[in-house]
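One structure is given below, encoded as structure tokens.
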Amino acid sequence: MQQIRLSTPKQILDAVPRLLGYSPVGSLVAIPLSGKRGGVVLRFDLPEVPEPSSAGAAPYANAVIGHLSHLRSIERVVFVLCPDLPFGSGPRPPFSVVAEELVAAADRAGIEVAACICRAADAWGVYGCDDVDCCDIGPRALGSQEEWVQATAKPGDESLITPASVTRRLRFAEEDERHWQHHDGEDDLPSMRQRWLAAFAPDTFRAAPADAELAHLLCMLRGRHTSELLLVTIGFGAHSDLLSLTPVWSTVMGEEDVHRPLPEFSRRRVRQAAAILRRLAELVDLDDEPVLLASMSWLEWASGRSSAAAAFAKRALGVSADDPLASSVAWLVERCVVPPWLAVVEQWSDEPEAAAAGRDD
């Protein structure tokens, strides 16, 4: 597990692209903390108007804090606003009103704002720091900012899939047809689930599985029962008492007394499965495969990527307006529902590939 120490505003700025995996220009980045530990990093689009009135900024701030309030154990938060605008002559950088409303909304929710930083296009500074003797008053030079320069751009519509070449798609279509012709049903579900777990295990994971394996996955996704079985197996492992998403939805909706607690969730396995399904999506006509889009939306939501989940759910519903899985994911995203297995801040850093954020006072 990679530990990233965040002791100063400059260290926080340098770490943001690494924590997110891309450059969040045009975004508000929130790093919740439990004690001195963190793990989850959240990104929100900044308002379109850079200097809204307090009345205009308050609803935005309340929505952000409302989303953060779904995280159990959150005590403090670091905000980094990344406008694609110049810092200005200071001391009030762009989106100062938004920053003030975020601090006020967090205070009402009992969440301490440990730092609120502006990383503008040409300089950085700390919001609320208007003392000329303050070491963090802006505008301050960005420096080399290697992490920002090397980072990829913020993703746009993450549901956009670039199709593979015609030849490649035809070759997979032939494999898909062969699988249908020879597939006579899966009579050994426990063995099948163990094969899935092995395929997505860290030590055996392959980013480019064979067409036969992809055709098998697509076949499983096309069946209502097997698609839910595949998703819960990827997320929670092969447990005989977890064979569908029904217990998952019950837990999400707060009906934990109806079912036993869910098994441990593997975010790493889910992220690997999402990468495989994206490769599969390149090989098929997505207008014929709404269940693939819906499954991708669930994997994105379950692993804490609400923007991507919403994009895939919207696209799935555009193909099949009554798809139940896509409808459920869209409903959850609209209401800022955080998966309960991700609601504890520090647990996000438990898996080996996660970048754990910690802050020293």
(request) Apply side chain to side chain contact (heavy atoms under 4.5 Å, CB included) to C116 and L81, showing your working. (result) CA-CA 8 Å; C116 193; L81 287 77; 4.0 Å; yes

(request) Could you tell me whether E175 and R178 have a side-chain N and a carboxylate O separated by less than 4.0 Å? (result) yes

(request) Consider only side-chain heavy atoms of I, L, V, M, F, W and Y, link residues closer than 4.5 Å, and tell whether W331 and W249 are in one cluster. (result) yes

(message) Looking at P247, is its backbone amide N or carbonyl O close enough to the side chain of T251 to form a donor-acceptor pair, meaning the two atoms are under 3.5 Å apart?
(response) yes

(message) Any heavy-atom pair between the side chains of L286 and V319 that's under 4.5 Å?
(response) no

(message) Can you confirm whether V232 sits close enough to L245 that some side-chain heavy atom of one is under 4.5 Å from a side-chain heavy atom of the other?
(response) yes

(request) For the pair W124 (side chain) and A141 (backbone), establish whether a donor and an acceptor sit closer than 3.5 Å, ignoring hydrogens and angles. (result) yes

(request) Output yes when a side-chain donor or acceptor of D176 lies under 3.5 Å from a complementary backbone atom of F172, and no otherwise. (result) no

(message) Do R169 and P163 make a side-chain contact, defined as non-hydrogen atoms from C-beta onward lying under 4.5 Å apart?
(response) yes

(message) Rounded to the nearest 0.5 Å, what separates atom CG in L230 from atom CG in L221?
(response) 5.5 Å

(request) Look at the rings of W341 and F236 and say which category their plane angle falls in: under 30° parallel, 30 to 60° tilted, over 60° perpendicular. (result) perpendicular

(request) Nearest 0.5 Å please: distance from the NE2 atom of H239 over to the CG atom of L262. (result) 9.5 Å

(request) Taking R119 for its side chain and L142 for its backbone only, find out whether a donor-acceptor pair lies under 3.5 Å. (result) no

(request) Go through I111 and S69 one step at a time and tell me if the side chain to side chain contact (heavy atoms under 4.5 Å, CB included) criterion holds. (result) CA-CA 9 Å; I111 301 172; S69 296; 4.3 Å; yes

(request) Might you work through the side chain to side chain contact (heavy atoms under 4.5 Å, CB included) test for F312 and L299, ending with a clear yes or no? (result) CA-CA 10 Å; F312 280 114; L299 292 174; over 6 Å; no

(message) Using 0.5 Å steps for rounding, measure from the CG atom of L277 to the CD atom of E289.
(response) 11.5 Å

(message) Please find the pair of heavy atoms, one from S327 and one from L317, that lie closest to each other, and give the distance.
(response) OG-CD2, 3.4 Å

(message) When you group the ILVMFWY residues by side-chain heavy-atom contacts below 4.5 Å and let the links chain together, are W301 and M253 in the same group?
(response) yes

(message) Is there a side-chain contact between M220 and H216 in this structure, where contact means two heavy atoms from C-beta onward sitting under 4.5 Å apart?
(response) yes

(request) Could you check if a side-chain atom of L231 sits within less than 4.5 angstrom of a side-chain atom of L325, using non-hydrogen atoms only? (result) yes

(request) Report the relative orientation of the aromatic rings in H67 and F44; use parallel for angles under 30°, tilted for 30 to 60°, perpendicular for over 60°. (result) perpendicular

(message) Return the CE to OG1 distance between M192 and T226, rounded to the nearest 0.5 Å.
(response) 6.5 Å

(message) Counting neighbours of NZ on K10 that are heavy atoms of other residues, nucleotides or ligands and sit closer than 6.0 Å, is the number greater than 12?
(response) yes

(message) Once rounded to the nearest 0.5 Å, what's the spacing between atom CG of D14 and atom CG of L19?
(response) 11.0 Å

(request) Would you sort out whether F79 and V103 count as a side chain to side chain contact (heavy atoms under 4.5 Å, CB included), showing the intermediate values? (result) CA-CA 9 Å; F79 287 125; V103 173; 5.7 Å; no

(request) State plainly whether one hydrophobic cluster holds both V97 and V126, where clusters connect Ile, Leu, Val, Met, Phe, Trp and Tyr through side-chain heavy atoms under 4.5 angstrom apart. (result) no

(message) I need the minimum non-hydrogen distance between A30 and L68, along with the two atoms involved.
(response) CB-CD2, 4.1 Å

(request) Quick one: do E300 and R271 satisfy salt bridge (Lys or Arg N to Asp or Glu O under 4.0 Å)? Show the steps, please. (result) CA-CA 8 Å; E300 297 290 357; R271 294 310 312 149; 3.0 Å; yes

(message) Which heavy atom of R193 sits nearest to which heavy atom of G237, and what is that distance?
(response) NH2-O, 3.5 Å

(message) I need the minimum non-hydrogen distance between T246 and E228, along with the two atoms involved.
(response) N-OE1, 4.4 Å

(message) Please check this pair: side chain of R315 against backbone of S159, looking for a donor-acceptor N/O pair closer than 3.5 Å.
(response) yes

(request) Heavy atoms only: give me the nearest P94-P83 pair and the separation to one decimal. (result) CB-CG, 4.1 Å

(request) Determine whether the side chains of S27 and R43 contain a donor N or O and an acceptor N or O closer than 3.5 Å. (result) yes

(request) Answer whether the closest heavy-atom distance between the side chains of V113 and L102 falls below 4.5 Å. (result) no

(message) With a 3.5 Å distance limit and no angle check, can you tell me whether N62 reaches the backbone of A105 through a side-chain donor-acceptor pair?
(response) no

(message) Do F95 and L28 have side chains that approach each other closer than 4.5 Å (heavy atoms only, starting at C-beta)?
(response) no

(message) Using only atom types and a distance under 3.5 Å, with no angle test, would you say the side chain of R269 pairs donor to acceptor with the backbone of I234?
(response) yes

(message) If I compare all heavy atoms of C82 with all of P24, which pair ends up nearest, and what's the gap?
(response) CB-O, 3.4 Å

(request) Would you indicate whether the side-chain heavy atoms of V29 and V41 approach each other to under 4.5 Å? (result) yes

(request) Report the C-alpha separation of R168 and D211 in whole Å, then their side-chain angles, then the decisive distance to 0.1 Å, and conclude whether the salt bridge (Lys or Arg N to Asp or Glu O under 4.0 Å) test is met. (result) CA-CA 10 Å; R168 180 74 183 85; D211 282 0; 2.7 Å; yes

(message) For the OG atom of S297 and the CG atom of L292, what is their distance to the nearest 0.5 Å?
(response) 10.0 Å

